[in-house]
Amino acid sequence: MPELSCRGRRWQVEEGTNLLDALNTAGMAVPYSCRAGSCHACLVQCTSGQPEDAQPQALDSERHAQGWRLACQCRMAGDLAVTLFDPLVDGVPATVQSCHWLAGEVLQLRLQPARPLRYAVGQHLLLWLDGVARPYSFASLPDEDTALEFHIDCRKPGAFADALRRVRVGSRLALGERHGGALHYDPEWVRQPLLLLAAGTGLAPLWAILREALRQGHEAPIRLIAVSHAEHYFAAPLQALAERHPDIELSLLTTSEWGERLGALRIASRGEIALVCGGPGFVEAASRRLFLAGLPRRQLFSDCFVGRNEAPA
């Protein structure tokens, strides 16, 4: 059987065993969230040997060449030695600049990194707090200021949400891997209508993309539909922005209202670009409706917020 080495220990593991499972069964406490290769929480570095990697494209070529792998996507194929991602060594320290609870359940978190980070709208960043790692989308704009903004839904209990409730201005976190989803703004879309569909804190990356589109002089109408189970946590900033820009059509809906609106959803034109973000059920339903309404598949971009017990859409 192959031998796995980590933190000075060596033990035998059956060939084909998932690397994340092999490490955690041995008590290595590798963090994870989605187990689908999306969150990047289970990053490890192979220092000797190579596992069987189901998603080699999930990491950029530089990180991959350095031996970094997503443990949840790897299987034992021979002797392997790994080191775990250490946020204090491999990450970037950051200080909480501000933290505000919106609608009592969403934390608007602004972090000041120890050094500037390069990123793009639509990307995710891994946040480390008290040994727990979770990925979140940027709500801030690159080059707008040096602080990084995130909107984090803390309705459901969990290790990371519980730790966030203890965070105060001046608290320290560590920033891990940056990676991108499908959401972005392409300057070539400047004359095409945009449809932005968000559920809950799926609004965070779309809030950044909306402002990026305006910053780049978007010339066509923009529709933003934001769905919340009750009071919308970000209503005031959205309404203020819409008042300043007549080309923005804003709809703030509750979950019950969304069901009726979804059935009546139409595209503005065959050239419309749609960006959808939220939980798997929301993204799947919205995408299906847009396809039925005649939106070409190449003009739909979506990102799912996948929890530990969910599968990606």
Side-chain angles (χ1 to χ4, degrees), residues 1-7 9-87 89-91 119-120 122-129 131-138 158-160 174-184 205 277 279-280 283-284 301-313:
M1 289 193 293
E3 185 177 74
L4 179 58
S5 305
C6 183
R7 288 180 171 169
R9 287 184 53 193
R10 298 174 180 269
W11 68 100
Q12 289 189 321
V13 179
E14 289 210 16
E15 187 172 348
T17 300
N18 178 272
L19 179 56
L20 177 62
D21 292 340
L23 290 166
N24 282 346
T25 299
M28 295 300 162
V30 180
Y32 68 93
S33 182
C34 70
R35 294 189 67 103
S38 299
C39 72
H40 290 208
C42 60
L43 201 64
V44 299
Q45 188 175 29
C46 301
T47 56
S48 177
Q50 290 294 333
E52 179 184 326
D53 189 353
Q55 287 200 51
Q57 75 286 353
L59 299 175
D60 63 55
S61 56
E62 181 180 358
R63 297 287 268 174
H64 197 271
Q66 292 170 349
W68 292 101
R69 299 292 185 270
L70 301 180
C72 73
Q73 296 302 300
C74 292
R75 295 191 175 278
M76 293 292 296
D79 291 351
L80 183 67
V82 303
T83 59
L84 307 184
F85 185 92
D86 183 346
V89 176
D90 304 309
Y119 66 96
Q123 282 192 310
H124 314 142
L125 180 68
L126 203 61
L127 304 186
W128 285 80
L129 180 62
V132 183
R134 294 289 184 272
Y136 294 99
S137 297
F138 291 98
F160 200 85
L175 311 178
E177 184 78 3
R178 294 185 302 281
H179 58 287
L183 301 180
H184 64 289
C277 190
V283 170
E284 182 179 355
F301 301 86
S302 64
D303 200 356
C304 286
F305 286 0
V306 181
R308 288 178 71 120
N309 298 317
E310 297 174 310

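Below, all heavy atoms of this structure are taken into account, side chains as well, without hydrogens, waters or symmetry copies. FYI, the numbering just counts along the sequence from 1.
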Plane angle bin for Y136 and F160 - parallel if under 30°, tilted between 30 and 60°, otherwise perpendicular: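 Correct class here is tilted.
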
Mutual orientation of the aromatic rings belonging to F138 and Y119 [parallel < 30°, tilted 30-60°, perpendicular > 60°]: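 Geometry flag for Y119 against F138: parallel rings.
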
E3 side-chain N/O to A81 backbone N/O, donor-acceptor pair under 3.5 Å: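 No, the answer is negative, given that no donor and acceptor are paired below the 3.5 Å cut-off.
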
Do [X] and [Y] have side chains that approach each other closer than 4.5 Å (heavy atoms only, starting at C-beta)?
| X | Y | value |
| --- | --- | --- |
| T47 | L80 | no |
| Q55 | L70 | no |
| C39 | Y32 | no |
| M28 | R9 | yes |
| F85 | C42 | no |
| C46 | P51 | yes |
| L183 | C277 | yes |
| L84 | C6 | yes |

E177 with R63: basic N within carboxylate O range, under 4.0 Å: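 Yes, charged N to carboxylate O under 4.0 Å.
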
R35 and D21 ion-paired at < 4.0 Å: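 Salt bridge: yes.
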
From CA spacing to verdict: side-chain contact (heavy atoms from CB on, under 4.5 Å), L4, R10: CA-CA 6 Å; L4 179 58; R10 298 174 180 269; over 6 Å; no

Of the non-hydrogen atoms in [X] and [Y], which two are nearest, and what is the gap between them?
| X | Y | answer |
| --- | --- | --- |
| V13 | A22 | CG1-CB, 4.0 Å |
| P205 | F305 | CD-CZ, 4.3 Å |
| G176 | W128 | N-CD1, 4.1 Å |
| A133 | A41 | O-CB, 4.0 Å |

CD (E14) with more than 12 external heavy atoms under 6.0 Å: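 Not buried by this count: 12 neighbours or fewer within 6.0 Å.
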
From [X] [atom1] over to [Y] [atom2], what is the distance, rounded to the nearest 0.5 angstrom?
| X | Y | atom1 | atom2 | value |
| --- | --- | --- | --- | --- |
| Q12 | T17 | CD | OG1 | 11.5 Å |
| Q123 | H184 | CD | NE2 | 12.0 Å |
| L20 | R69 | CG | CZ | 15.5 Å |
| L126 | H179 | CG | NE2 | 7.5 Å |
| L23 | C72 | CG | SG | 11.5 Å |
| Q66 | D90 | CD | CG | 9.5 Å |

Residues D303 and H124: side-chain donor-acceptor under 3.5 angstrom: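 Note: D303 and H124 side chains meet the donor-acceptor criterion.
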
side-chain contact (heavy atoms from CB on, under 4.5 Å) between W11 and S5, worked out: CA-CA 7 Å; W11 68 100; S5 305; over 6 Å; no

V132 and L127: CA distance, side-chain angles, deciding distance, side-chain contact (heavy atoms from CB on, under 4.5 Å) verdict: CA-CA 8 Å; V132 183; L127 304 186; over 6 Å; no

